[in-house]
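Here is the structure we will look at, set down as structure tokens.
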Amino acid sequence: MGETIQSVERAAAILRLLASGSRQLGVAELARAMGLPKGTLHGILRTLVHVGFVEQDGVTGKYRLGATLLHLGSSYLDVNELRARSLNWADGLAGRSRESVWIGTFHEGQVLVIHHVFRPDDSMQVLQVGAHLPAHATALGKVLLAFDPYGEAPLPLAACTKKTILAREALHQELDLARARGWAADMEEFEEGEVSVAAPIKDGRGVAVGAIGIRGAVERLAADGRLDMDVVSYVRDAARAISRDLAR
Amino acid sequence: MPRQHYVAAIDQGTTSSRCIVFDQGGNIISVAQREHRQIFPRPGWVEHDAAEIWEAVRAVLDDAVGGLDIAALGITNQRETTVVWDRLTGEPVSPAIVWQDTRTDGLIRSLAGSEELFRERAGLPLTTYFSGPKLRWLLEETPGLRGRAERGEVLFGTVDSWLIWKLTGRHVTDVTNASRTLMMNIHTLAWDDDLLAVLDVPRAMLPEIRPSVEVYGHHRGIPVASALGDQQAALFGQTCFAPGETKSTYGSGSFLLMNTGHEPVTSKHGLLTTVGYQIGDAPATYALEGAIAVTGSLVQWLRDNLGLISSAAEIETLAKTVDDNGGCYFVPAFSGLFAPHWRSDARGVIAGLTAFVTKGHIARAVLEATAFQTREVVDAMDADAGLALTSLRVDGGMTADNLLMQTLADVLAVPVIRPVVAETTALGAAYAAGLATGYWPDLDSLRANWHRAAEWRPVAGGPSRERDYHYWKKAVARTLDWVEQ
Ligand SMILES: Nc1ncnc2c1ncn2[C@@H]1O[C@H](COP(=O)(O)OP(=O)(O)OP(=O)(O)O)[C@@H](O)[C@H]1O
Ligand SMILES: [Mg+2]
């Protein structure tokens, strides 16, 4: 075995101690357990707190494992949990935009609809939770392709309308644009006469776990061919609010 | 352009306190939430610390309202939970006894002779659920409390009353909360001397009963302008303003309320007569209520006490690992059975267990328990009303669960409809406060905000549905006569 770094070993030992037994430990208890002076541990603990692996209790001053560490191994967010956490913000987005709201996650090359709020005009609509949408032709899908670390569109790109992006190069440019702006749109690329806008939902580590967006008639959302930027900001606000909630 | 005003609502629930700020369209502008401790000192006992609740409310109010221009503040609250505090110090003198608490079991039996009187005057069955017996228990078991109560040194209130006292310094309660005490006359809407005599509660400690929609006072210059029990607030938030309109709310427990207009209707099938709301000096609007004690809290129990899931929403994922309940039925009679049975001697059972049953089947049984319990109160409501429900308006945290909503539609055989704000409890309190202060002009302007956000239609068919419900009823029968006198 080659050189090892002593302070990393000590940090690992602290984490092991915090993960075992009584969960919260003071610096004196840690020092005793490791047979080291308290002063040696202070710097290591401060660093562990800084990176979020350890948290200090505001009242007792004792240490416990941090949320960041607990989430490190599991990049998976239950889709039902994502829906429950998004519910209020999705409702609010529907209320403000007066359009239907959709939340999707990436599933085997497609967008899986995990939440759907009707357009709030009491017209006849059917719940689409569980449906699959083509990733390259929808705003939700473009956002997921652009931000999801596992996102990749199945080739060849299938045509949904005359405006669907079919060339890989064009799609890559579109995804670069989405990454640069933090949102994506589909301009009648999935359904003729319909436009959609979406933005990424990120978890506490900044990883995209889903996308939220709206869908509606082109006359309402892009009257003179230009997208209504108010609606774009509603979508981005909702995405940020959910992301903030997930980070808590 | 004038500055944009909003309306804020405090939703002080069983498990958490929330403050939500709404705009004129009824859209959520900001939310803050904080949980408080559930204290279980003995089996059957459930307590809260009212001081901790007040701290939580203060914190969420600051968080949600910070920097916003608030036109009015509304209050909605867990009902029946009983608080007694010192008039001078404003500090609670005992733990708050929570609605789910069954410690008054023995007391209730000793009052059985007055059962008819309570049903007639208060519109309620005599059970551990309501505040009056809890207050009587505190007066008997807390040394010196009765004397202090008679001298007016300590005050009683449900949580609305406690919060209004803290926010404005007035000792009042709203009529919907008062209708849950077994001490208010449901016809006159005043404290009833005969009921007080049976319960042996001194009048000096009771708050003044006020309408649900009026300005009670001010908190930092903001009018505190409504108070409604959480279920009545949800009825208001769902804009069920016309007789016959019905909603069902899915939180810790579940509560189906039907607006019955200006007359209190007496149920023949185990439902409660309750006040729905009262707007200023106008006559009160009544409701029939089917109260189910344990629905969402069973999901939480699966998470916290069994550790089968790590978040409530995961119950859906777990339940979807199987296609049906595998023959397993879960009747969560943790606090006895509420509507339509009203059996405090019942305790929970999991029935139909075989070696085949997995945790996925248990998760299904947990979700189905909510649907079957709803079916029981819908059947009671239909029988009382003499006509069948044609669709169900739902709200609350459990409506995030698609499998549950679909199961509900299947079990009830009617469409289940969620409006565009699932937080109807807070919305209702906000509506009421905004109405009191002229932020909204009238009930029609509130109705215009109601929109369908989702609808689940029944798909699973008749015979299997009726067979499942038959087994559910058998499981319910097995919960009875468990607690012995
Ligand atoms: N996806 C879900 N599936 C099933 N149950 C859920 C889901 N999400 C939340 N719940 C349950 O719903 C309840 C929370 O709903 P809600 O926030 O409306 O209740 P609450 O208002 O906090 O209750 P209370 O007012 O009684 O404190 C919890 O009991 C939780 O277990
Ligand atoms: Mg609630």
Side-chain angles (χ1 to χ4, degrees), chain A residues 58-59 67 70-71 73-74 76-103 105 112-131 203 209-210 214 234 237-238 240-242 244-246 248, chain B residues 18 20-34 296 299 303 309-320 363 367 395-406 409 415-424 426-427 447-457 459:
Chain A
V59 181
L70 298 177
H71 294 142
S74 58
Y76 171 77
L77 176 69
D78 187 290
V79 296
N80 295 310
E81 174 77 6
L82 178 57
R83 183 189 319 109
R85 302 278 287 270
S86 307
L87 201 64
N88 283 334
W89 305 114
D91 282 350
L93 178 56
R96 226 154 295 149
S97 66
R98 318 304 298 168
E99 298 293 349
S100 62
V101 172
W102 305 71
I103 295 180
T105 57
L112 170 66
V113 176
I114 64 147
H115 187 46
H116 173 201
V117 183
F118 292 168
R119 185 173 63 252
D121 60 4
D122 299 322
S123 62
M124 208 1 229
Q125 295 163 73
V126 175
L127 206 59
Q128 299 286 351
V129 174
D203 69 6
V209 291
I214 54 142
Y234 295 154
D237 285 348
R240 273 192 290 259
I242 299 166
R244 227 180 294 123
D245 192 335
L246 292 179
R248 270 211 291 266
Chain B
R18 272 171 273 207
I20 305 188
V21 176
F22 295 93
D23 69 11
Q24 204 134 18
N27 301 307
I28 292 178
I29 299 297
S30 71
V31 184
Q33 180 166 9
R34 192 183 272 207
V299 176
R303 184 193 71 187
I309 44 177
S310 61
S311 76
E314 273 176 32
I315 186 111
E316 186 174 351
T317 313
L318 183 55
K320 276 191 168 156
L367 293 180
D395 54 72
M398 288 184 103
T399 60
D401 195 312
N402 272 285
L403 178 60
L404 171 61
M405 292 299 107
Q406 186 58 53
V416 167
I417 298 166
R418 180 178 86 80
V420 82
V421 179
E423 295 273 3
T424 45
L427 182 64
R447 256 202 206 96
N449 282 345
W450 191 95
H451 296 292
R452 185 186 309 243
E455 175 169 347
W456 294 266
R457 306 214 180 99
V459 288

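Naming: A, B, ... by sequence-line order, numbering from 1 per chain.
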- [ ] Applying side-chain contact (heavy atoms from CB on, under 4.5 Å), name anything that partners A/Arg240, two or more places apart in sequence or on another chain.
- [x] A/Arg236, A/Asp237, A/Arg244

Open item on the list: If you compare all heavy atoms of B/Val420 against all heavy atoms of A/Ala94, which two are closest, and at what distance to 0.1 Å?
Closed with: CG2-CB, 4.1 Å

Open item on the list: With chain A as the partner, which of B/Asp401, B/Thr399, B/Ile20, B/Asn402 has the greatest number of non-hydrogen pairs under 4.5 Å?
Closed with: B/Asn402

TODO: Output the distance between atom CD (A/Gln125) and atom CD (B/Glu455), rounded to the nearest 0.5 Å.
DONE: 10.0 Å

Open item on the list: When you compare the side chain of A/Asp91 with that of B/Glu423, does any pair of heavy atoms fall below 4.5 Å?
Closed with: no

- [ ] State, to 0.1 Å, how close B/Ala422 and A/Leu87 come at their nearest heavy-atom pair, and which atoms those are.
- [x] CB-CD2, 3.8 Å

Open item on the list: Rounded to the nearest 0.5 Å, what separates atom CG in A/Asn80 from atom CD in B/Glu314?
Closed with: 9.0 Å

TODO: Flag the pair A/Asp122 / B/Trp450 as yes when at least one side-chain heavy-atom distance between them is below 4.5 Å, and no otherwise.
DONE: yes

Task: Portion of B/Trp456 that has a non-hydrogen atom of chain A nearer than 4.5 angstrom - done: side chain

- [ ] Taking all heavy atoms of A/Leu127 and all of B/Ala454, pick out the closest pair and write down the distance.
- [x] CD1-CB, 3.7 Å

TODO: Indicate yes or no: at least one non-hydrogen side-chain atom of B/Arg418 is less than 4.5 angstrom from one of A/Val117.
DONE: yes

Open item on the list: Just to verify, what does A/Arg85 make a salt bridge (charged side-chain N to carboxylate O under 4.0 Å, His left out) with, not counting sequence neighbours?
Closed with: A/Glu81, A/Asp245

TODO: Name the member of B/Ala453, B/Ala400, B/Gly26 that forms the most heavy-atom pairs with chain A at distances under 4.5 Å.
DONE: B/Ala453

TODO: Check each atom of A/His115 against the heavy atoms of chain B and say whether the ones under 4.5 Å are side chain, backbone, both or neither.
DONE: side chain

Task: Separation of A/Met124 CE from B/Arg452 CZ (nearest 0.5 Å) - done: 9.0 Å

